[in-house]
Amino acid sequence: MVASTKIGLIKLSDGSTLKLKIFIVDVREAGFSPFGGVQLDVKTVGGVSVQSVPDELKKSMADKPLIPPEPPIDGWEIVDIKEQEPAIAEEIVETSKGRFLVRVVAEAVMVSRNMKYRTIHNEPVYWVSWVVKISWKPVQNP
């Protein structure tokens, strides 16, 4: 049962803002843990999209070729993350030790952009590396 989700925002030094969303795909018991008596194997998946790009940056991309299906080797530059709000996904799961609230927090750690190629929206291509922090705790039955 999904408890809650929150889209993360990544504000970059070039004025762009990216969205990061994380999902819990599966949670399975994987033995004993000192954290509530059960070890949970949590599978996640996430994605990034552009929320906004400054108009002048979009104009500079209009005549660039579209990005090919595979990421190109050339044209990448690191962009600083100025501030961010993490993406969060929470789910309540039933285990042999009772109900647990599983929480996944995803935060961007690096962003790179490519100004030699554009998206169909005349935006630079962004590539984001993120980490997930997984935790769980018992919850009382309603």
Side-chain angles (χ1 to χ4, degrees), residues 1-139 142:
M1 169 186 9
V2 174
S4 68
T5 60
K6 177 181 171 258
I7 294 175
L9 296 177
I10 307 162
K11 295 182 180 182
L12 303 176
S13 60
D14 69 358
S16 299
T17 302
L18 308 180
K19 295 188 292 187
L20 171 60
K21 191 159 185 180
I22 195 79
F23 298 92
I24 297 171
V25 176
D26 191 29
V27 180
R28 293 174 38 191
E29 287 189 51
F32 171 79
S33 163
F35 302 107
V38 64
Q39 178 70 33
L40 297 177
D41 178 28
V42 181
K43 301 295 185 202
T44 64
V45 66
V48 174
S49 67
V50 173
Q51 178 172 307
S52 65
V53 171
D55 288 338
E56 62 273 6
L57 195 52
K58 286 179 87 166
K59 287 177 187 170
S60 73
M61 300 304 298
D63 295 329
K64 303 289 172 89
L66 283 171
I67 182 110
E70 293 293 320
I73 304 173
D74 63 326
W76 295 102
E77 58 186 342
I78 293 174
V79 181
D80 290 332
I81 298 169
K82 289 300 183 185
E83 85 183 66
Q84 71 174 301
E85 299 171 23
I88 300 171
E90 294 180 329
E91 188 171 309
I92 295 174
V93 298
E94 296 286 342
T95 74
S96 63
K97 302 292 184 184
R99 292 164 42 108
F100 282 78
L101 176 67
V102 176
R103 180 179 172 90
V104 177
V105 178
E107 294 181 27
V109 291
M110 295 185 292
V111 176
S112 191
R113 75 173 180 193
N114 194 313
M115 298 281 291
K116 289 189 174 188
Y117 302 92
R118 65 179 173 86
T119 68
I120 60 170
H121 302 289
N122 291 338
E123 299 162 342
V125 177
Y126 291 95
W127 204 269
V128 179
S129 175
W130 66 83
V131 295
V132 293
K133 298 184 279 187
I134 299 170
S135 62
W136 56 87
K137 64 182 177 182
V139 294

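Note that the numbering runs from 1 along the sequence shown for the chain.
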**Ser16 vs Ser52 side-chain heavy atoms within contact, under 4.5 Å** = no
**Residues, nucleotides or ligands: over 12 heavy atoms within 6.0 Å of Ile78 CD1** = no
**Request:** Could you point out which residue of Ile67, Val50, Leu57 forms a side-chain contact (heavy atoms from CB on, under 4.5 Å) with Pro124?
**Result:** Leu57
**Asked** Given Val128, which of Val79, Ile81, Val48 fulfils the side-chain contact (heavy atoms from CB on, under 4.5 Å) condition?
**Response** Val48
**Request:** Check whether any side-chain heavy atom of Tyr126 sits under 4.5 Å from a side-chain heavy atom of Ile10, and report yes or no.
**Result:** no
**Asked** Is there side-chain contact between Gln51 and Leu18, with heavy atoms separated by less than 4.5 Å?
**Response** no
**Message:** Please check: side-chain N/O of Thr44 versus main-chain N/O of Ile24, any donor-acceptor pairing under 3.5 Å?
**Reply:** no
**Item:** CA sep, side-chain torsions, deciding dist, call: Lys133, Val104, side-chain contact (heavy atoms from CB on, under 4.5 Å)
**Value:** CA-CA 6 Å; Lys133 298 184 279 187; Val104 177; over 6 Å; no
**Message:** Between Gln84 and Ala108 (side chain of the first, backbone of the second, donor and acceptor by atom type, cut-off under 3.5 Å), is there such a pair?
**Reply:** yes
**Fill in**
NZ (Lys21) and CD1 (Ile7) are apart, to the nearest 0.5 Å, by 4.5 Å
**Gap between atom CG of Leu40 and atom CG of Asp26 - 0.5 Å precision** = 10.5 Å
**Fill in**
Rounded to the nearest 0.5 Å, the OG1 atom of Thr119 sits from the CG atom of Leu66 at a distance of 8.0 Å
**Item:** Worked check of side-chain contact (heavy atoms from CB on, under 4.5 Å) between Trp76 and Val125
**Value:** CA-CA 9 Å; Trp76 295 102; Val125 177; 3.8 Å; yes
**Atom of Trp136, atom of Ser33 and distance for their closest heavy-atom approach** = CZ2-OG, 4.1 Å
**Message:** Can you give me the closest heavy-atom contact between Trp130 and Ala106, atom names plus distance?
**Reply:** CD1-CB, 4.2 Å
**Phe23/Lys43 under side-chain contact (heavy atoms from CB on, under 4.5 Å): CA gap, chis, key distance, verdict** = CA-CA 9 Å; Phe23 298 92; Lys43 301 295 185 202; over 6 Å; no
**Message:** For the CG atom of Asp14 and the CE atom of Met115, what is their distance to the nearest 0.5 Å?
**Reply:** 7.5 Å
**Asked** For Asn114, does its backbone N or O pair with a side-chain atom of Trp127 as donor and acceptor, under 3.5 Å?
**Response** no
**Request:** Could you tell me the separation between the NZ atom of Lys58 and the CG atom of Asn122, rounded to the nearest 0.5 Å?
**Result:** 7.0 Å
**Message:** Does atom CZ (Phe35) have a neighbourhood of more than 12 heavy atoms from anything else shown, all under 6.0 Å?
**Reply:** no
**Message:** Run Ile22 and Ile88 through side-chain contact (heavy atoms from CB on, under 4.5 Å) and show every step you take.
**Reply:** CA-CA 7 Å; Ile22 195 79; Ile88 300 171; 5.8 Å; no
**Message:** Using 0.5 Å steps for rounding, measure from the OH atom of Tyr117 to the NZ atom of Lys64.
**Reply:** 10.5 Å
**Heavy-atom neighbours of Asp74 CG exceed 12 at 6.0 Å** = yes
**Message:** So that I can tick it off, tell me whether Lys97 and Glu29 are bridged by a salt bridge, with the cut-off set at under 4.0 angstrom between side-chain N and carboxylate O.
**Reply:** no
